[in-house]
Number of protein chains: 2
Amino acid sequence: MNKRLLFYGVLFGLLAILLEIAKYRFVIFDNQVEIYSGVIAAIFIILGVVLGRKLVNPKEIIVEKIVEPVAIPRLPVDEQLNKLGISKREYEVLQLMAQGMSNQEIADKSFVSVNTVKTHVSNILLKLDAKRRTQAVTNARAMKLIE
Amino acid sequence: MNKRLLFYGVLFGLLAILLEIAKYRFVIFDNQVEIYSGVIAAIFIILGVVLGRKLVNPKEIIVEKIVEPVAIPRLPVDEQLNKLGISKREYEVLQLMAQGMSNQEIADKSFVSVNTVKTHVSNILLKLDAKRRTQAVTNARAMKLIE
DNA sequence: TTTGGCCTCATACTTTCGGATGATTTTACC
DNA sequence: GGTAAAATCATCCGAAAGTATGAGGCCAAA
């Protein structure tokens with residue numbers, strides 16, 4: 001995929017630049033490793049905190065709720081997934097299956113190999129007692145694991 | 001994980017940029033200890049401020065509005081099927097597809113040949129603009145043709 | 001009678017799915 | 001550090017899905 005190629009190209013370029021810089025640093029300068037480490041650590045901390053803050057930023061959210069006539073008691077999704085032994089990654093793949101995506105499309109979107117997706121799909125079929133992906137999606141929907 | 005990969009990619013890029021800037025500083029300026037100490041001190045001050053704000057941040061406020069259910073006007077199923085050119089038999093096959101059945105299972109249930117079912121499925125894929133049965137079912141569901 | 005739509009079925013082929021089996025690496029927990 | 005679970009990836013193979021193409025029968029409308 002074009003997107004994937006671009007992604008890995010950028011990553012590769014950055015890696016090359018980093019190695020170039022590391023080489024240069026070793027050749028030209030001696031000390032400062034501790035300072036570098038400290039700065040890098042600080043930057044990491046800052047980034048983590050900033051991201052964390054962004055996630056928990058106070059907001060007033062207005063939600064319009066349509067009142068359901070009858071509340072149907074059922075296990076929360078997480079509990080059901082635990083019960084079935086479906087991992088986080090497997091659940092992601094299940095959701096993409098439910099969106100009608102092929103194994104290759106799921107692989108491209110998740111940046112993994114199609115063989116990895118096949119492994120996840122096989123596990124999902126086992127855990128949902130399905131013979132094929134269409135049945136897995138149907139069973140998951142019946143159990144309200146997915147919309 | 002797409003998000004995770006992107007996150008680490010961005011982090012990686014920032015790290016490379018930082019090292020580049022550090023190299024530049026080493027080449028251009030002389031005394032570094034004071035500068036570094038000042039930078040590190042400033043960063044940690046900022047970190048402390050940020051953490052302090054985080055600890056006393058008010059929680060998310062959610063305001064719920066109760067709205068009575070409203071009937072959403074939409075074409076009746078029959079009208080939509082006519083519009084799409086989906087025949088009675090094709091619709092039956094679509095429903096069975098949505099229940100996770102294989103072509104052979106649909107053939108057995110409908111007392112027709114699996115080849116007949118394949119023809120119907122191909123027509124359905126064309127009319128719903130789908131590449132495969134999972135997508136056809138997803139598209140049909142989105143259009144409220146099936147539950 | 002002709003025509004067009006629907007239904008049925010076939011063959012040959014390509015693509016995708018899924019099972020079996022095996023393996024390594026990463027992550028999280030003790 | 002050790003361990004188990006999760007995630008990743010591979011290969012081989014058979015089954016299923018899907019495509020292309022073609023064809024015949026039935027039925028209602030023109």
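Residue numbers start from 1 in every chain, and the chains themselves are labelled A, B, ... in the order their sequence lines are given, proteins ahead of strands.
Atom CZ in B:Arg89 sits about 15 Å away from atom P in D:dC27, given to the nearest Å. When rounded to the nearest whole Å, the span between NZ of A:Lys88 and P of D:dA7 equals 9 Å. Here C:dT8 presents its P atom at 12 Å from CG of B:Asn123, a figure rounded to the nearest Å. Regarding A:Met101, its CE atom lies at a distance of 16 Å from the C1' atom of C:dC17, rounded to whole Å. Atom CD of B:Gln104 is separated from atom C1' of D:dG14 by 16 Å (rounded to the nearest Å). Atom-to-atom, CE of B:Met97 to P of D:dA16 comes out at 17 Å; the value is rounded to the nearest Å. Distance, B:Ile86 CD1 to C:dC7 P: 12 Å, rounded to whole Å. Rounded to whole Å, the distance from CG on B:Asp108 to P on D:dA16 is 12 Å.
One hydrophobic cluster holds both A:Ile146 and A:Ile106 under the rule that ILVMFWY side chains link at heavy-atom gaps under 4.5 Å. Under the 4.5 Å side-chain heavy-atom criterion for ILVMFWY residues, no single connected hydrophobic cluster contains both A:Val114 and A:Val112.
Contact annotation: B:Ser122 side-chain N/O to D:dG18 OP1/OP2 distance is not under 4.0 Å. In this structure, A:His120 does not reach the D:dA7 phosphate: none of its side-chain N or O atoms is under 4.0 Å from OP1 or OP2.
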Check nucleotides 9-16 of chain C against the protein and report each pair of N or O atoms closer than 3.5 Å, with its distance, or say if there are none.
residue, atom, partner, partner atom, Å
C:dC9, OP2, B:Ser113, N, 2.6
C:dC9, OP2, B:Thr116, OG1, 2.6
C:dC9, O5', B:Thr116, OG1, 3.3
C:dC9, N4, B:Thr119, OG1, 3.1
C:dA10, OP2, B:Ser113, OG, 2.9
C:dA10, OP2, B:Asn115, ND2, 2.9

- prompt: Step by step, would you call B:Leu145 with B:Leu84 a side-chain contact (heavy atoms from CB on, under 4.5 Å)?
  reply: CA-CA 11 Å; B:Leu145 296 178; B:Leu84 290 162; 3.8 Å; yes
- request: Please step through side-chain hydrogen bond (donor to acceptor under 3.5 Å, both in side chains) for the pair B:Asn139 and B:Gln135, ending with a clear verdict.
  value: CA-CA 6 Å; B:Asn139 292 355; B:Gln135 208 170 79; 5.0 Å; no
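A:Leu125 CG to A:Lys131 NZ: the interatomic distance, rounded to the nearest 0.5 Å, is 12.0 Å.
Within 4.0 Å (heavy atoms only), A:Ser87 reaches sugar-phosphate atoms of the nucleic acid but no base atom.
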Let me have the donor-acceptor pairs involving side chains of residues 92-102 of chain B, under 3.5 Å, with sequence neighbours excluded, atom names and distances please.
residue, atom, partner, partner atom, Å
B:Glu92, OE1, B:Arg89, NH1, 2.9
B:Ser102, OG, B:Glu105, N, 3.2

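You'll find the side chain of A:Leu81 stays beyond 4.5 Å of the side chain of A:Glu90, heavy atoms only.
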